[in-house]
Amino acid sequence: MFRLFDTAAGEIVEIVPMIPGQFSMYVCGPTVYDLAHLGHGRYALVFDILRRYLEWRGLKVRHVSNITDVDDKILERAEAENRSPAEVAAEFEEKWFSTMDRLGVLRPHYIPHATEYVENMIRFIDSLLKADVAYAGDDGIYFDVNKVADYGLLARQSPASLRAGARVAEKEFKRSAMDFVLWKLSETSAWSWESPWGPGRPGWHTECVVMSVDILGEEFDLHGGGLDLSFPHHENERVQAEAMHYKFSRHWVHNGFVMVGSEKMSKSLGNFTTLDELLESTDARAYRLLVLQSHYRSPLDVNAQTVSEASRALERLDSTHQRVIDSGIDLTSSRLNEEELERFRDVMDNDLDTATATARLFELRSRVNQLLDDALLEEAATTCATMEHLFGAIGLDLVGAKEADLPDDVKALLEQREAARNAKEYVRSDQLRKELAALGFLVEDTSVGQKVKRT
RNA sequence: GGCGGCGUGGCCGAGUGGCAUAGGCAAGGGCCUGCAAAGCCCUGUACAGCGGUUCGAUUCCGCUCGCCGCCUCCA
């Protein structure tokens, strides 16, 4: 029994796949006009973890995530840099996936682009007009939210209270402040598509409806994204679909924000760090571990300290992995501890509680070390294999010490040090260890000789 | 203004109507080690405040204080 917090229900609900054994999920992807920041990284990791977990659980997952390549911000950047919007979009899409690869985020099974769906969107908007839930305004076609009974569901607010707080300047012709644009007329810009209403561009909220339904059908299991998409974006998608009598997504899932101090990280606040910046100095797995150590719906502080703590924790995991390898244990043929697998599943089934699951895996790590200390190799093998199998299920692979290509001078120093130690010239060997440390190499003495790590 | 959420040890961060063994990081003490490192063992007066419900509340309810989010583009 797998449960998740469903934003539409406002509580944790049991997730019963529409088709037994399968799972269809649509996750709102990036608008490609700039580099991805830590917040994008978190959502990508959260849904990557969800997908991997469901697959581990034996479900056949269809994971769809779009690329929004039609947007005013893309146009603005293109104009500012005197190139075409398509060029800007292509550049940042490529950069997006290269960063996602570094983060170990699996490619979604389907990656639809808004530009491929413009014709489809025009037909959809036309249907909305025919259904009388949309109308023509001065500068485009608008959705009439008053035609939907429960507008505000995903915001968990009534239409009246939403209206009371509306911060958007009213356009005279709009029937309600919350009405949103489906088709933006743009007679001046070269970047436009022909439509029955004149040249223009589709509004943001329509593409995901059209693409998700095209690929997954009129009803699918889950629709997700960052919490900031719950309203108005997802709500606007939902009401369009509802107006067309689609059953649409059975569940809505949103992840919490990355925080900078006490503020949400966002483009508009300008307080963002790009993922590429983070990855310059940090193992990408450390960010995944940091994300795993908190609950996906909680705000997550990402700063130099929390990142370095996660990096340190990761080092210790890797170091245990290395210890096991050094003990001559063959992990690939080890049995797995069924009890632990079950416990992991129980915890993860409870609203994807990766924090508790990870805590449990750290306990296994500790147990592996204890077993190795006691030379209980067979049990250590099973425990370690189980731990690594489960970390793998959520996308975290442990690695041994990198076989660093040692520069010749380092090799020479190591040889001298070994000789000094064999001769019990400890003052000299400690001096050599210091020299190596200064060169960026950490030397440890073990029962099987010196071990070197790049620092 | 409306709606929602949060406040747990030195820091980060889970969880729970029944002793707060979460976990991570940091710190102190010990074992091991030529010394370190790694590893192991031990240690640390933590549930914002005030009421209420209850045999029992950190957990449920109310109020207060503090912080945050959404209502506009946002992952």
Side-chain angles (χ1 to χ4, degrees), chain A residues 7 10 27-31 36-47 71-73 152 154-158 160-169 177-178 180 204 224-233 235 254-259 261-269 272 289-290 292-295 297-303 305-317 319-320 322-323 347 350 353-363 365-374 421 424-427 429-430 433-434 437 442-447 451 453:
Chain A
T7 308
V27 182
C28 280
T31 301
H37 63 63
L38 302 182
H40 296 103
R42 186 182 190 191
Y43 104 75
L45 284 167
V46 163
F47 286 98
D71 185 88
D72 289 352
K73 286 180 178 156
L154 288 178
R156 307 201 60 69
Q157 285 197 67
S158 68
S161 72
L162 279 171
R163 201 173 297 119
R167 287 181 284 169
V168 225
M178 286 99 67
F180 55 92
W204 178 40
L227 185 59
D228 42 9
L229 295 188
S230 64
F231 190 89
H233 182 56
E235 179 62 3
H254 298 100
N255 65 279
F257 300 127
V258 167
M259 308 298 286
S262 60
E263 272 184 335
K264 168 191 170 189
M265 176 173 291
S266 74
K267 294 289 291 187
S268 46
L269 288 170
F272 60 92
L289 183 58
L290 185 57
L292 285 167
Q293 284 185 292
S294 69
H295 186 89
R297 285 190 284 120
S298 300
L300 175 62
D301 255 301
V302 182
N303 55 49
Q305 189 183 334
T306 58
V307 167
S308 80
E309 286 177 4
S311 299
R312 175 75 188 125
L314 179 65
E315 270 176 37
R316 298 182 63 201
L317 288 167
S319 141
T320 296
Q322 184 62 43
R323 235 190 124 186
V347 168
N350 179 24
D353 187 356
T354 56
T356 300
T358 307
R360 191 66 206 160
L361 297 183
F362 275 105
E363 285 171 4
R365 180 200 71 101
S366 193
R367 209 158 89 208
V368 170
N369 281 317
Q370 288 167 41
L371 291 163
L372 290 175
D373 283 353
D374 297 342
R421 286 194 77 234
K424 297 199 191 305
E425 292 168 10
Y426 293 122
V427 175
S429 80
D430 288 352
R433 181 160 55 200
K434 269 189 197 164
L442 180 70
V443 185
E444 294 176 8
D445 294 317
T446 73
S447 52
K451 301 215 59 124
K453 266 198 287 193

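All heavy atoms count here, side chains included; hydrogens, waters and symmetry mates do not. In what follows, chains are A, B, ... by sequence order, proteins preceding strands, each numbered from 1. In this text the structure is predicted, and so the values were computed from the model without any measurement.
- The base of B/rC73 has none of its N or O atoms less than 3.5 Å from a complementary donor or acceptor on the side chain of A/Asp228.
- Using modelled atom types, one finds no donor on one side chain facing an acceptor on the other under 3.5 Å when comparing A/His254 with A/Ser230.
- Within 4.0 Å of A/Arg365, counting heavy atoms only, lie sugar-phosphate atoms of the nucleic acid but no base atom.
- Under a 3.5 Å cut-off, the side chain of A/Thr356 and the backbone N or O of A/Val347 do not form any donor-acceptor pair.
- In this structure, B/rA27 forms a base pair with B/rU43, meeting either the Watson-Crick or the G-U wobble geometry with both donor-acceptor distances under 3.5 Å.
- Nucleotide B/rA36 forms no Watson-Crick or G-U wobble pair with any nucleotide shown, as no partner meets the under 3.5 Å limit on both distances.
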- line: Letter by letter from the 5' end, nucleotides 14-19 of chain B scores (B base, S sugar-phosphate only, - none; protein heavy atoms under 4.0 Å) SS----
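- In this model, the phosphate group of B/rG2 is not approached by any side-chain N or O of A/Arg156 to a distance below 4.0 Å at OP1 or OP2.
- In this entry B/rU16 has no Watson-Crick or G-U wobble partner, no candidate having both defining distances under 3.5 Å.
- One can place CG of A/Leu317 at 8 Å from P of B/rC25, the figure rounded to the nearest angstrom.
- For A/Lys264 and B/rC70, the shortest distance from a side-chain N or O to OP1 or OP2 is below 4.0 Å.
- The nearest whole Å value for the distance from the CG atom in A/Leu442 to the P atom in B/rG39 is 12 Å.
- Distance CG (A/Leu227) to P (B/rC70): 8 Å, rounded to an integer number of Å.
- For A/Asp72, the salt bridge (Lys or Arg N to Asp or Glu O under 4.0 Å) partners are A/Lys184, A/Arg201, not counting sequence neighbours.
- If you check distances only, the side chain of A/Asp430 does reach the base of B/rG34 with a donor-acceptor pair under 3.5 Å.
- If you check distances only, the side chain of A/Glu309 does reach the base of B/rG24 with a donor-acceptor pair under 3.5 Å.
- Between the side chain of A/Ser429 and the main chain of A/Tyr426, a donor-acceptor pair closer than 3.5 Å is present.
- Nucleotide B/rA48 has B/rU64 as its partner under the Watson-Crick or G-U criteria, with both atom distances under 3.5 Å.
- Under 4.0 angstrom from either OP1 or OP2 of B/rC41 there lies at least one side-chain N or O belonging to A/Gln370.
- Phosphate contact (OP1/OP2 of B/rA75, side-chain N/O of A/Asn255, threshold under 4.0 Å): absent.
- The listed nucleotides are B/rC40, B/rG2, B/rG34; the one nearest the side chain of A/Ser429 is B/rG34.
- Among the atoms of the strands shown, none is found under 4.0 Å from any heavy atom of A/His233.
- Applying the 3.5 Å distance criterion, the base of B/rA36 shares a donor-acceptor pair with the side chain of A/Arg433.
- With rounding to whole Å, A/Phe257 atom CZ is found 10 Å from B/rC68 atom C1'.
- Rounding to whole angstrom units, CZ of residue A/Phe231 and C1' of B/rC73 are separated by 14 Å.
- Judged by centroid separation below 5.5 Å and plane tilt below 30°, A/Tyr426 stacks onto the base of B/rG34.
- Across every strand in view, B/rC70 sits in a pair with B/rG2 that passes the Watson-Crick or G-U test at under 3.5 angstrom.
- Comparing atom distances between the A/Ser268 side chain and each of B/rC11, B/rC73, B/rG24 picks out B/rC73 as nearest.
- Residue A/Lys73 is in base contact, counting any heavy-atom pair closer than 4.0 Å across all strands shown.
- Here, B/rG13 and B/rG7 have their P atoms 10 Å apart, quoted to the whole Å.
- If you check every strand for non-hydrogen atoms under 4.0 Å, A/Gly256 touches a base.
- With sequence neighbours excluded, the residues that form a side-chain contact (heavy atoms from CB on, under 4.5 Å) with A/Asn350 are A/Arg3.
- Where A/Leu162 and A/Cys28 meet RNA chain B, the nucleotide closest to each residue was compared, and A/Leu162 sits on the side nearer the 5' end.
- Note on A/Ser230: nothing from the nucleic acid sits closer than 4.0 angstrom, heavy atoms only.
- Atom C1' of nucleotide B/rC32 and atom CD of A/Glu444 are separated by 14 Å, given to the nearest angstrom.
- Between A/Phe47 atom CZ and B/rA75 atom C1' there is a gap of 9 Å when expressed in whole angstrom units.
- Across all strands, A/Gly225 comes closer than 4.0 Å only to sugar-phosphate atoms, never to a base (heavy-atom distances).
- Regarding contacts with the backbone of B/rA38, a side-chain N or O of A/Arg312 is found under 4.0 angstrom from either OP1 or OP2.
- Taking for each of A/Gln157 and A/Leu269 the nucleotide of RNA chain B with the nearest heavy atom, the 5'-most of the two is the partner of A/Gln157.
- Distances shorter than 4.0 Å separate some side-chain N or O of A/Arg316 from OP1 or OP2 on B/rC25.
- Between the CG atom of A/Leu300 and the P atom of B/rG69 there is a distance of 15 Å, rounded to whole Å.
- Nearest heavy atoms, A/Glu235 versus A/Leu154: OE1-N, 3.1 Å.
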